[in-house]
Enquirer: 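Attaching a single structure in structure tokens format; questions to follow.
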Amino acid sequence: MNIPSRYDPKATEDKWYTYWLENGYFRSRPDGRKPYTIVMPPPNVTGVLHMGHVLNNTLQDVLIRRARMAGYNACWVPGTDHASIATEAKVVAHLRAKGIEKSDLSRAEFVKHAWAWAHKHGGIILEQLKKLGASCDWARIRFTLDEVLCESVTRAFVDLYERGLIYRGYRMVNWDPQAQTTISDEEVSHVEKRGKLYYLRYPIKGLNAFVTLATTRPETILGDTAIAVHPDDERYAHLRGKTAIVPIANREIQIIQDEYVDREFGTGCLKITPAHDVNDSEIGDRHQLEIIDIFNEDGSLNAHGRHYEGKDRFAARRLIVKELQEKGFLVREVDYAHKVGTSERTGAVIEPKRSIQWFLKMKDLAKPALEAVSNGAVALVPAKFERAYRHWMEGIHDWNISRQLWWGHPIPAYYYGEGPADFVVAQGPEKALEQARKKSGNPDLQAADLKRDPDVLDTWFSAWLWPISVFDGIRRPDNAEMTYYYPTQDLVTAPEILFFWVARMIMAGYAFKRQKPFSQVYLTGIVRDKRGRKMSKSLGNSPDPIALIERYGADAVRVGMLLTAPAGNDLPFDEALCLQGRNFANKIWNAFRLVQRWEIGEKRQPDYAALGVSWFTNRLNQALHQLERDFKAYRISAALMRLYKLIWNDFCALYLEIAKPPYGEKIDAKTASQTRQLFEDILKALHLFMPFLTEEIWQRFARRGEREALIITDMPESKPYDEKLIRAFGFSVQVVSALRHFRSEKNIPNAEKLTVFVSERETHRHFDPVICKLAQLAELRYVDGKIDGAPIVRAGLNEYFIPGEEAVDTRAERAKARAEITHLQGFLKRVQKELDNADFIDRAPESVVAAARKKQADAREKIKRLQRHIEDLKG
RNA sequence: GGGCCCUUAGCUCAGCUGGUUCAGAGCACCUGUCUUACAAACAGGGGGUCGCAGGUUCGAACCCUGCAGGGCCCACCA
């Protein structure tokens with residue numbers, strides 16, 4: 001059989017994915033085993049796969065495959081999110097490109113378009129995940145607008161409303177004038193912007209004087225209803241009880257006193273616009289000020305804007321500044337950099353605005369969620385996020401959950417009148433009607449009299465139920481799946497949505513199930529480009545993962561992604577990493593080719609082969625042990641690197657070189673089968689990271705129909721290993737390296753035999769046959785006493801010599817020896833100083849002191865020998 | 001404004017509760033090789049006063065303080 005010398009991912013990936021799928025290996029149903037569950041963070045239904053998805057889904061796949069092979073009932077639930085605001089924006093843009101405005105459509109028509117869009121693009125991303133090898137239980141796909149989930153969301157809303165946690169209120173919210181909806185505090189990011197601070201003067205009524213104040217938003221003077229000064233501010237004591245005239249608006253407003261005012265800032269006077277600033281709003285409430293909202297929903301000025309009505313807020317700002325200047329109200333303007341709240345969605349500057357919205361009280365919900373992380377019931381990995389989490393939870397505000405959008409979960413509120421309390425919250429129209437009749441006292445109310453709330457819920461209001469709702473645990477709290485799979489084990493996600501999503505899921509877990517949703521949260525890094533910039537569509541710096549898979553293979557992309565992905569750190573992604581992954585795949589492929597082409601002969605197992613097997617078996621067990629520790633600590637990339645080195649350096653470069661028969665010879669049956677066994681163990685360990693390649697090789701090892709699939713085999717357990725043996729082997733490798741170096745320096749071909757004399761001070765003979773094998777033609781001769789020349793290497797206390805004048809450059813050798821002596825003397829000095837220090841002897845633990853003594857003795861011994869060699873070389 | 005984190009080889013990062021020669025790994029680089037699994041490879045090699053300055057300690061990459069540079073999160077100072 002002719003096996004190509006390069007691994008071809010295209011020939012294997014689809015084949016094995018289909019095979020796994022058809023045999024139901026990803027499928028999970030409750031049974032007697034322990035469950036291991038991950039719910040996938042649902043990507044936007046209309047999204048396409050980007051590197052961030054590759055990262056966190058590869059991590060999830062590694063974890064889920066590991067659990068599967070460790071005997072758990074592994075269940076990975078995939079799904080997508082309707083992503084209310086993001087999807088709606090996309091649909092709006094899409095329609096606009098076709099010449100249709102959202103306002104041209106009825107709500108029903110628009111939603112129909114949105115569904116069409118979602119169906120067309122929906123699930124692309126999940127299909128793409130299959131290319132990556134994601135072993136999700138695809139029969140469990142969920143969508144946050146599925147019937148079950150919709151009903152769950154509604155129930156959750158009604159439930160929280162009935163528990164008094166959801167309320168409708170007229171409060172300050174974040175208004176996005178572009179998207180024309182409110183957004184939550186978490187969706188507002190404060191971006192530093194260069195602006196101006198305008199000093200304006202307002203005439204004081206009854207005095208021939210002005211009061212000067214500073215503002216960044218001169219256009220809002222049209223909504224001013226007061227000027228505030230600090231009560232203790234002597235400078236303005238004379239203004240007490242006076243009123244001022246708002247320029248342009250010509251309205252008379254009070255001058256009030258409030259401790260909120262910072263005397264140091266600006267002039268110490270603050271104009272108060274209760275409708276358009278959170279602080280002003282609070283001050284307004286304290287002083288019962290009038291609220292004048294001057295903006296339309298799109299951010300243009302309304303009738304209160306007078307002759308600026310209809311102008312956009314920023315255009316109005318320029319014009320008003322001009323008018324103020326012309327009329328002498330502008331004292332000066334200075335450059336001023338400040339943080340401006342902007343919508344994460346549209347980038348528009350947020351307009352703080354008073355509005356009637358739905359809110360969820362968070363304080364009580366946060367308590368158990370805070371506790372869960374504090375007491376370790378839910379562990380954040382890395383733990384550094386716990387502090388941020390705590391901080392956020394402690395300062396949590398009520399959550400504005402209503403959105404003025406059409407695509408999303410409708411709010412289950414029904415209005416039967418115009419009064420602020422003329423509504424009911426219910427699971428459906430029938431129940432609503434029933435309740436409305438009761439609440440209104442009007443038994444004749446008809447369904448048509450009820451008006452459904454036009455708003456939808458914040459996307460995260462469905463997402464926060466995800467670990468519960470995917471198992472239908474809201475509607476049917478004690479169903480078999482729910483009790484079996486919940487709480488889940490690991491959640492893998494980006495730290496960006498720690499507050500948006502993770503924290504809220506924990507709250508929902510306790511609110512609805514009295515139980516955490518998961519035990520560990522692995523927070524990945526953020527994938528950046530080589531230059532450290534966040535990957536984004538607009539920068540065009542995000543490689544298309546599917547193209548990468550085409551080019552390098554899925555396994556290689558997984559490896560490339562994981563190689564530099566420590567938890568919580570940003571990772572600058574470089575395509576070269578995929579190349580490294582591909583090369584690694586090829587390396588393993590060729591190891592397979594080697595083993596596969598061996599012909600079995602009749603001979604007995606040579607000593608070197610037996611020793612190689614014994615060493616590598618120990619080494620493998622050591623590595624497996626270390627891997628378990630890596631996984632326990634979620635050091636996934638460290639685990640991969642460990643395997644990479646184990647396979648490349650230990651298995652390929654050393655073990656296979658030891659095991660393989662001399663050229664032209666056949667291999668003995670025992671070594672061949674032991675090698676295959678070791679190879680298979682390696683494949684199992686590596687399967688998590690490189691599922692396709694490993695399955696392919698494993699299947700090729702199998703005889704037809706002999707066994708099913710690598711994906712469902714048992715992970716090899718780490719058995720006890722002999723560390724001394726591993727170290728002894730290390731000494732032998734040092735000798736081999738030296739011999740190879742010697743050959744290369746002296747240009748001695750491998751065909752020429754090297755005779756090596758060993759001045760033996762301690763016995764390391766165990767692996768001598770291995771040395772001889774690895775060093776090609778070499779023979780070791782043990783001698784007592786002095787040997788002429790300089791040793792080419794020392795391993796432990798032994799020295800290895802190659803006789804022959806021509807082999808040694810005396811001068812260079814002496815220089816080398818002297819340099820080494822200098823180094824050793826420096827070292828000795830340090831140790832000496834340590835040992836001379838009475839405090840050290842007294843206070844350091846005995847083992848450390850003993851070690852120091854040993855170091856001292858060893859160094860002295862080595863120096864003595866080196867000096868002797870220098871003498872010898874002189875002769 | 002508050003809080004958190006980072007700074008170790010050209011790059012990306014390990015370095016667990018201070019203690020064996022602890023200064024590491026991978027990649028990149030340099031020099032040889034198409035050697036009988038693999039040039040997507042093999043063999044060999046160079047490279048860092050652990051950001052800076054103090055301090056604690058018998059002993060510091062590791063603990064403390066200050067400084068410099070970089071990043072992140074939170075926040076209603078006009």
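Numbers restart at 1 for each chain; the letters A, B, ... are given by sequence-line order, proteins then strands. Small disclaimer: the values here were computed from a predicted structure and weren't measured.
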Enquirer: For rC38(B) versus rU20(B), give the span between their C1' atoms, rounded off to a whole number of Å.
Expert: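 Approximately 39 Å lies between the C1' atom of rC38(B) and that of rU20(B).
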
Enquirer: Starting from the C-alpha separation in whole Å, work towards a yes-or-no answer on side chain to side chain contact (heavy atoms under 4.5 Å, CB included) for Leu754(A) and Gln776(A).
Expert: CA-CA 9 Å; Leu754(A) 281 182; Gln776(A) 303 287 0; over 6 Å; no

Enquirer: So does Tyr199(A) get a side-chain nitrogen or oxygen closer than 4.0 Å to the phosphate oxygens (OP1/OP2) of rA78(B)?
Expert: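 False: Tyr199(A) side-chain N/O out of range (4.0 Å or more) of rA78(B) OP1/OP2.
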
Enquirer: Taking only the side-chain nitrogens and oxygens of His397(A), find out if one of them lies under 4.0 Å from OP1 or OP2 of rA75(B).
Expert: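 For His397(A), the contact criterion (side-chain N or O under 4.0 Å from OP1 or OP2 of rA75(B)) is not met.
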
Enquirer: Strictly below 4.0 Å: does Arg6(A) bring a side-chain N or O up to OP1 or OP2 of rA40(B)?
Expert: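 Affirmative; the distance criterion is met.
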
Enquirer: Would you indicate which nucleotide in rA78(B), rA37(B), rG19(B) comes nearest to any side-chain atom of Val848(A)?
Expert: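 Side chain of Val848(A) sits closest to rG19(B).
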
Enquirer: Going through the checks in order, is the salt bridge (charged side-chain N to carboxylate O under 4.0 Å, His left out) test met by Glu628(A) and Lys632(A)?
Expert: CA-CA 6 Å; Glu628(A) 275 163 26; Lys632(A) 217 166 259 166; 5.9 Å; no

Enquirer: Could you please name the partner base of rA43(B), counting Watson-Crick and G-U wobble pairs only when both distances are under 3.5 Å?
Expert: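 rA43(B) is paired with rU31(B).
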
Enquirer: Distance check needed: rA41(B) C1' versus Ile647(A) CD1, whole Å only.
Expert: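 Interatomic distance, CD1 of Ile647(A) to C1' of rA41(B): 17 Å.
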
Enquirer: Is a side-chain donor or acceptor of Asp630(A) paired with a backbone partner of Arg635(A) at a separation under 3.5 angstrom?
Expert: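 Looks like no, no N/O pair under 3.5 Å.
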
Enquirer: Return yes if the base of rA37(B) and the side-chain atoms of Arg597(A) contain a donor-acceptor N/O pair under 3.5 Å, otherwise no.
Expert: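 Flag unset: no donor-acceptor pair detected.
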
Enquirer: If the C1' atom of rA14(B) is compared with that of rC30(B), how far apart are they to the nearest Å?
Expert: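 Comparing C1' positions in rA14(B) and rC30(B) gives a spacing of 25 Å.
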
Enquirer: Looking across every strand, which nucleic acid part, if any, lies under 4.0 Å from Ala844(A) by heavy atom: base, sugar-phosphate, or nothing?
Expert: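 Base: the residue Ala844(A), judged by heavy atoms under 4.0 Å, touches a nucleobase.
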
Enquirer: Of the options rC76(B), rA75(B), rC13(B), whose atoms approach the side-chain atoms of Lys339(A) most closely?
Expert: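 Closest nucleotide to the Lys339(A) side chain: rA75(B).
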
Enquirer: Whole angstrom is fine here: how far is it from CD in Glu394(A) over to P in rG3(B)?
Expert: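 Atom CD in Glu394(A) sits about 14 Å away from atom P in rG3(B).
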
Enquirer: Has Asn649(A) got a side-chain N or O lying under 4.0 Å from the OP1 or OP2 atom of rG26(B)?
Expert: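 For rG26(B), OP1/OP2 do have a side-chain N/O of Asn649(A) under 4.0 Å.
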
Enquirer: Using 0.5 Å steps for rounding, measure from the CD atom of Glu333(A) to the OG1 atom of Thr216(A).
Expert: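 Output value for this atom pair is 13.0 Å.
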
Enquirer: In terms of the nearest nucleotide of RNA chain B, which residue is placed more toward the 5' end: Glu264(A) or Glu186(A)?
Expert: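 Residue closer to the 5' terminus by nearest nucleotide: Glu186(A).
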
Enquirer: So, is Asn583(A) close to the rA41(B) phosphate, meaning a side-chain N or O under 4.0 Å from OP1 or OP2?
Expert: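 Yes, Asn583(A) has a side-chain N/O under 4.0 Å of OP1/OP2 on rA41(B).
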
Enquirer: When you compare rA28(B) with rG71(B), how far apart are their C1' atoms, in angstrom units rounded to a whole number?
Expert: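 Comparing C1' positions in rA28(B) and rG71(B) gives a spacing of 25 Å.
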
Enquirer: Calculate the interatomic distance between Arg390(A) atom CZ and rC74(B) atom P; express it in whole Å.
Expert: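 Spelled out: CZ on Arg390(A) to P on rC74(B) is 17 Å.
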
Enquirer: Under a 3.5 Å cut-off for both contacts, is rG69(B) paired Watson-Crick or G-U wobble with anything, and if yes, with which nucleotide?
Expert: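 Paired with rG69(B), as far as the under-3.5 Å criterion goes, is rC6(B).
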
Enquirer: Does Tyr644(A) reach a base, just sugar-phosphate, or nothing at all? Heavy atoms under 4.0 Å.
Expert: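 The answer is sugar-phosphate, as Tyr644(A) gets under 4.0 Å only of primed atoms, P, OP1 or OP2.
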
Enquirer: Just the rounded figure in Å: distance from P of rA43(B) to CG of Leu739(A).
Expert: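 Whole-Å distance recorded here is 14 Å.
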
Enquirer: Roughly how many Å apart are rA78(B) and rC5(B), using the P atom of each and rounding to a whole number?
Expert: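 It works out to 28 Å between them.
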
Enquirer: Looking across every strand, which nucleic acid part, if any, lies under 4.0 Å from Asp185(A) by heavy atom: base, sugar-phosphate, or nothing?
Expert: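 No contact at all - Asp185(A) keeps every heavy atom at 4.0 Å or more from the nucleic acid.
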
Enquirer: When you get a sec, tell me which of rC4(B), rG26(B), rG45(B) is the closest nucleotide to the side chain of Arg387(A)?
Expert: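 Side chain of Arg387(A) sits closest to rC4(B).
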
Enquirer: Grab the NE2-P distance between His190(A) and rC77(B) for me, whole Å please.
Expert: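 Rounding to the nearest Å, NE2 of His190(A) and P of rC77(B) are 7 Å apart.
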
Enquirer: Would you measure the distance from the C1' atom in rA61(B) across to the matching atom in rC74(B) and give it in whole Å?
Expert: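 Each nucleotide's C1' atom is 31 Å from the other's.
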
Enquirer: Under 3.5 Å, is there an N or O donor on one side and an acceptor on the other linking the side chain of Lys587(A) and the base of rC38(B)?
Expert: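 Such a pair exists between side chain and base.
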
Enquirer: Under 4.0 Å: is that the gap between some side-chain N or O of Tyr552(A) and OP1 or OP2 of rA40(B)?
Expert: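 Tyr552(A) to rA40(B) OP1/OP2: no side-chain N or O under 4.0 Å.
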
Enquirer: Distance check needed: rA25(B) P versus Asp650(A) CG, whole Å only.
Expert: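 Rounded to whole Å, this separation is 13 Å.
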
Enquirer: Rounded to whole angstrom units, what separation is found between the CD atom of Glu846(A) and the C1' atom of rU20(B)?
Expert: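 Glu846(A) atom CD is separated from rU20(B) atom C1' by 16 Å.
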
Enquirer: If we call it a pair only when both distances are under 3.5 Å in a Watson-Crick or G-U wobble match, what pairs with rG48(B)?
Expert: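 Pairing partner: none.
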
Enquirer: Select base, sugar-phosphate, or nothing to describe what Ser737(A) touches, counting heavy atoms under 4.0 Å on all strands.
Expert: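 Result for Ser737(A) = sugar-phosphate.
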
Enquirer: Between rU56(B) and rC73(B), how far apart are the C1' atoms? Round to whole Å, please.
Expert: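 Approximately 32 Å lies between the C1' atom of rC73(B) and that of rU56(B).
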
Enquirer: Start with the C-alpha distance between Glu575(A) and Tyr552(A), add both sets of side-chain angles, then the distance that settles side chain to side chain donor-acceptor pair (under 3.5 Å), and finish with yes or no.
Expert: CA-CA 10 Å; Glu575(A) 218 178 295; Tyr552(A) 302 102; 2.8 Å; yes

Enquirer: Give, for atom NZ of Lys271(A) and atom CZ of Arg217(A), the distance between the pair rounded to the nearest 0.5 Å.
Expert: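 These two atoms lie 8.0 Å from each other.
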
Enquirer: State which of rA25(B), rC77(B), rU36(B) makes the closest approach to the side chain of Met641(A).
Expert: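 Nucleotide nearest to Met641(A)'s side chain: rA25(B).
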
Enquirer: Base, sugar-phosphate, or nothing for Pro662(A), non-hydrogen atoms under 4.0 angstrom?
Expert: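 No contact at all - Pro662(A) keeps every heavy atom at 4.0 Å or more from the nucleic acid.
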
Enquirer: Which heavy atom of Thr675(A) sits nearest a heavy atom of Val595(A), and at what distance?
Expert: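 Shortest heavy-atom contact: CG2-CG2, 4.0 Å.
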
Enquirer: Determine the Euclidean distance between corresponding C1' atoms of rC22(B) and rG15(B); express it in Å to zero decimal places.
Expert: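 rG15(B) and rC22(B) have their C1' atoms separated by 9 Å.
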
Enquirer: Which nucleotide wins on minimum distance to the side chain of Ser5(A), given the candidates rC38(B), rC13(B), rC76(B)?
Expert: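 Nucleotide nearest to Ser5(A)'s side chain: rC38(B).
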
Enquirer: Considering only the P atoms, how many Å lie between rC64(B) and rG24(B), rounded to the nearest integer?
Expert: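 Those two atoms are separated by 25 Å.
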
Enquirer: Is any side-chain N or O of Trp648(A) closer than 4.0 Å to OP1 or OP2 of rC42(B)?
Expert: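 Yes, Trp648(A) has a side-chain N/O under 4.0 Å of OP1/OP2 on rC42(B).
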
Enquirer: Got a second to check how far Glu496(A)'s CD is from Glu186(A)'s CD, nearest 0.5 Å?
Expert: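 Atom-to-atom, Glu496(A):CD and Glu186(A):CD are 14.5 Å apart.
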
Enquirer: Heavy atoms under 4.0 Å, any strand shown: does Phe499(A) hit a base, just sugar-phosphate, or nothing?
Expert: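 Answer is sugar-phosphate: Phe499(A) comes under 4.0 Å of backbone atoms only.
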
Enquirer: How do Lys660(A) and Arg629(A) order along RNA chain B: which one's closest nucleotide is nearer the 5' end?
Expert: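 Looking at RNA chain B, the more 5' nearest nucleotide goes with Arg629(A).
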
Enquirer: Without swapping roles, check the side chain of Lys773(A) against the backbone of Ile658(A) for a donor-acceptor pair under 3.5 Å.
Expert: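 A pair under 3.5 Å: yes.
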
Enquirer: Taking N and O atoms by type only, does the side chain of Arg740(A) place a donor or acceptor under 3.5 Å from a partner on the base of rA43(B)?
Expert: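 Result: no qualifying N/O pair found.
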
Enquirer: Measure from CZ on Arg593(A) to C1' on rA37(B) and round the result to the nearest Å.
Expert: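 It is 6 Å, rounded to the nearest whole Å.
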
Enquirer: With a 3.5 angstrom cut-off on both distances, give the Watson-Crick or G-U wobble partner of rA75(B), or none if there isn't one.
Expert: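 Pairing partner: none.
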
Enquirer: From the options rA78(B), rG26(B), rC5(B), select the nucleotide whose nearest atom is closest to the side chain of Val261(A).
Expert: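 Among rA78(B), rG26(B), rC5(B), the one nearest the side chain of Val261(A) is rA78(B).
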
Enquirer: Given rA41(B), rC38(B), rA37(B), identify the nucleotide with an atom nearest to the side chain of Asn586(A).
Expert: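 Looking only at heavy atoms from C-beta outward on Asn586(A), the closest nucleotide is rC38(B).
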
